[in-house]
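Counting convention: from 1, in listed order, for ligands and their atoms alike.
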Amino acid sequence: MRRSKRLNIGMSLAPTWLSGNGWRRSDSGTHTMLGAEFFIDIAHRAEAAKLDFVFRPDTMFVNMALLAKGGGFASLDPTVLLAALARETQKIGLLSTVSTMFMPPYILARQMMSLHWLSQGRAGWNIVTALDGNQNFGLDAMPSSEDRYDRAHEYVEVVQALWESYPEKAMVRDRETGMMADPSLIRPIDHAGRHFKVKGPLNIPAFGRAPVPLVQAGASEAGRQFASRFADAIFASTPDMQAAIEFRLDLRARAAAQGRSADDIRLLPGLSLFLGASRAEAMDLFEATHAGADRGRKLAHVLNLIGLDLSDWPDDRNVTVADLPHPFITRGSQTHAELLQRLIAREDLTVSQLLERPEVNGSGHWRIIGTVEDALAEISQWVDEGAIDGFVLTPGGSTGCMHLALEQLMPALSDAGLLRRDYSGDTFAHHLQNP
Ligand SMILES: Cc1cc2nc3c(=O)[nH]c(=O)nc-3n(C[C@H](O)[C@H](O)[C@H](O)COP(=O)(O)O)c2cc1C
């Protein structure tokens, strides 16, 4: 078990609180969403709450169907955005998302190390294998999950080798002798593998004081194997506590089997919050956010994920495990397909109930609708049951809800001994290791 019950908490820079109808509110600031000030404000609030990191998900395509009504988080390049935030913050980690599918590893290694230098040790890399965007990079189809993770393994090995190829100590800067750098310490990597051929060395030294933390998202068999080898943390979708407990235990066992300490891998589910001064207010916020949600899109999502066509079903008909098509290869994320199948197997739900659950009308994240006290109680329970090592805040509904999460719930967690009261170091790796 971990030494401390304190949590590693991150804050989403994807403005999840503007999803659904949230962006239509007069105070949503949606017209400022492509400017630095919008994100600086969130980063300042997250740093004031003493969170471990701010986090930007990303894709390399535009989802037209989502974009037409809101949502769809492809916008500012995350690493460029975080470089701007590096100048505006002092302590908080800066977690960027870059897929292993599209960008050459040399460029990723250089950009991430540049962000790490500019922020003095606060960069992090959220490693995704991506689900779409292939046609923007000359690929007719996305490779299979196994092929994408095979590539991801080699990609990360190349990036790590590049970071080691030019150690900081090679910068000797000896004014007496005139030796700026010691070339004998800077080595090519001469990598030649199935996916990449890279000579190296990297053209920027490694920041020596702290490594770049690696985070991963994706919970298929291949995804878990990958995470247990490389990741310091997993960004997960775990809508129910049992799913989180099982996933966490599995990751810890896999990490130990790889010769790592089980405590070196942290399960951080997304936490979707709809907070209000009362439960009724919170429920109103949730309902207002999803009012008028496109039923057709939800049905298409179910069909795409698990092959079940509910379009002709009456709202009150029960969906059972016997209705699941077998076998079916998902056209979406395997992680999310499994979560939806699991929900149908676990609970007795009608079509209309199913369509309201986070597995269908959200990102499959853990969701709390209630007061700050309700959220504190549920988070404490998940901690006590060994379900989580922390979470990534993805507040919903409104800017006010985002403020409540950072300005009331986070201090309440500090009071309960679940979140640091102040930073004890100034690198992202330090925060992860010292929650
Ligand atoms: C919680 C979560 C967050 C994700 N975030 C992103 C993202 O920001 N960008 C992206 O391209 N893919 C994202 N993915 C997709 C994964 O990188 C991966 O491609 C997908 O889940 C397939 O992996 P799997 O087979 O292990 O599920 C995310 C997946 C999960 C489960």
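- For Glu338, the closest heavy-atom approach to ligand 1 does not fall below 4.0 Å.
- Residue-to-ligand polar distances keep Gly223 apart from ligand 1: every N/O pair is separated by 3.5 Å or more.
- Note on residues 352-366: pairs passing salt bridge (Lys or Arg N to Asp or Glu O under 4.0 Å), not counting sequence neighbours, are Lys298-Glu356, Glu347-Arg357.
- Counting only N and O atoms by type, the side chains of Tyr155 and Gln160 include no donor and acceptor under 3.5 Å apart.
- Side-chain contact check for Asn8 and Asp52: at least one donor-acceptor pair (N or O, by modelled atom type) lies under 3.5 Å.
- Considering both main-chain and side-chain atoms, Ser237 never comes within under 3.5 Å of ligand 1 through any nitrogen or oxygen pair.
- Residues that satisfy the side-chain contact (heavy atoms from CB on, under 4.5 Å) test with Thr427, not counting sequence neighbours, are Arg209, Ala210, Ala429, His430.
- No hydrogens or angles considered: a donor-acceptor pair under 3.5 Å links the side chains of Arg367 and Asn361.
- Within the structure, ligand 1 has Tyr149 among the residues with a heavy atom less than 4.0 angstrom away.
- Taking any N or O of Ala219, backbone or side chain, at least one lies under 3.5 Å from an N or O belonging to ligand 1.
- Taking the six-membered ring where the residue is Trp, the centroids of Tyr423 and His431 are separated by under 6.0 Å.
- Judged by the shortest distance from any of its heavy atoms, Ser145 lies inside the 4.0 Å radius around the atoms of ligand 1.
- Within the 4.0 Å heavy-atom cutoff, His336 counts among the residues contacting ligand 1.
- Of the candidates Ala227, Gly270, Ala217, the one placing a heavy atom closest to atom 30 (C) of ligand 1 is Ala217.
- Every atom of ligand 1 is numbered from 1 in the order shown, and the set under 4.0 Å from a heavy atom of Pro57 is 8 (O).
- Here CD1 of Ile344 is found 4.0 Å from CD1 of Ile306. Values are rounded to the nearest 0.5 Å.
- Checking Ser414 against Arg6 by side-chain atom types alone, no donor-acceptor pair falls below 3.5 Å.
- Distance alone, capped at 3.5 Å, places no donor-acceptor pair between the His365 side chain and the Val392 backbone.
- In terms of polar-atom proximity, Asn126 is not counted as a contact of ligand 1, lacking any N or O under 3.5 Å from an N or O of the ligand.
- Of all atoms in ligand 1, listed by their number and element, those nearer than 4.0 Å to a heavy atom of Asp58 are 7 (C), 8 (O), 9 (N), 10 (C), 11 (O).
- Less than 4.0 angstrom separates some heavy atom of Phe235 from each of these atoms of ligand 1: 1 (C), 3 (C).
- Of all atoms in ligand 1, listed by their number and element, those nearer than 4.0 Å to a heavy atom of Arg148 are 19 (O), 22 (C).
- In terms of polar-atom proximity, defined here as any N/O pair under 3.5 Å, Thr129 does make such a contact with ligand 1.
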